[in-house]
Amino acid sequence: MAPTLKRIRSDWQGAILVCGKCSRKINGGFGKKGHSSLAKVLRQLLGGGKGRKSTLGVVETKCLGLCPKRAVIVIDSRRPTEWLSIPKGAELGEVAARLES
């Protein structure tokens, strides 16, 4: 007998995909002291909740195939045709405003 599919509710209205390889290559580079990963900082800035109860999910992926120097690639699922390259040490208020709009 095949297992049945189970639906799990989520409050996400979109997802932010952050390239994990880019994040590892620049060794953090974000946050107050510059030691936090971009995904962790974005979860704090955009969160509004934890996990699937958040309004916007932030997911660190494997390599997205575009490797900028000293920057991290980010994809907003609400705008899949527009990828962002966020340089190490970027102003996170500006990044959050861009992703929230």
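Computed from a prediction, not measured in an experiment: that's the story for all the values here. Just the heavy atoms: all of them, side chains too, but no hydrogens, waters or symmetry mates, feed the values below.
No continuous path of hydrophobic side-chain contacts links Leu46 to Leu17 [ILVMFWY only; heavy atoms under 4.5 Å]. Under a hydrophobic clustering in which Ile, Leu, Val, Met, Phe, Trp and Tyr are joined whenever their side-chain heavy atoms come within less than 4.5 Å, directly or via other members, Leu42 and Leu56 fall into the same cluster.
Nearest heavy-atom pair across Pro68 and Cys22 is CD-SG, 4.0 Å. The minimum heavy-atom distance linking Glu100 with Leu45 is given by the pair OE2-O, 4.1 Å. Taking both residues in full, the closest heavy atoms of Glu60 and Arg43 are given as N-NH2, 4.3 Å, listed atom of the first, atom of the second, then distance.
Between Pro87 and Arg70, the closest side-chain pair of non-hydrogen atoms is not below 4.5 Å. Side chains of Val59 and Trp12 form a contact here, defined as non-hydrogen atoms less than 4.5 Å apart. Side-chain contact check for Phe30 versus Val72: some heavy-atom pair is nearer than 4.5 Å. Within the 4.5 Å cutoff, no side-chain heavy atoms of Asn27 are placed close to those of His35. You'll find the side chain of Ile75 stays beyond 4.5 Å of the side chain of Ile16, heavy atoms only. Considering only heavy atoms from C-beta on, Leu38 comes within 4.5 Å of Leu92 through its side chain. Counting only heavy atoms from C-beta outward, the side chains of Asp76 and Glu82 never approach each other to under 4.5 Å. In this structure, the side chains of Val41 and Val95 stay at 4.5 Å or more apart for every pair of heavy atoms.
Side-chain N or O atoms of Ser54 include none that pairs as donor or acceptor with a backbone N or O of Gly57 at under 3.5 Å. With hydrogens and angles ignored, the 3.5 Å screen pairs a side-chain donor or acceptor of Ser23 with a backbone N or O of Cys19.
Under a cut-off of 6.0 angstrom, the local environment of NZ in Lys88 is crowded, with over 12 non-hydrogen atoms contributed by other residues, nucleotides or ligands. Surrounding CD of Glu94 are at most 12 heavy atoms belonging to other residues, nucleotides or ligands under 6.0 Å away. By the 6.0 Å contact criterion, CZ on Arg98 is open, its count of non-hydrogen atoms from other residues, nucleotides or ligands being 12 or less.
Interatomic distance, Ile73 CD1 to Lys21 NZ, rounded to the nearest 0.5 Å: 12.5 Å.
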*Evaluate the side chain to side chain contact (heavy atoms under 4.5 Å, CB included) criterion for residues Arg52 and Ile8: first the C-alpha distance (whole Å), next the side-chain angles of each, then the deciding distance (0.1 Å), finally the verdict.*
CA-CA 9 Å; Arg52 63 187 178 89; Ile8 300 171; 4.0 Å; yes
*List the steps and the verdict of side chain to side chain contact (heavy atoms under 4.5 Å, CB included) for Cys67 and Lys25.*
CA-CA 10 Å; Cys67 299; Lys25 284 172 75 174; 4.2 Å; yes
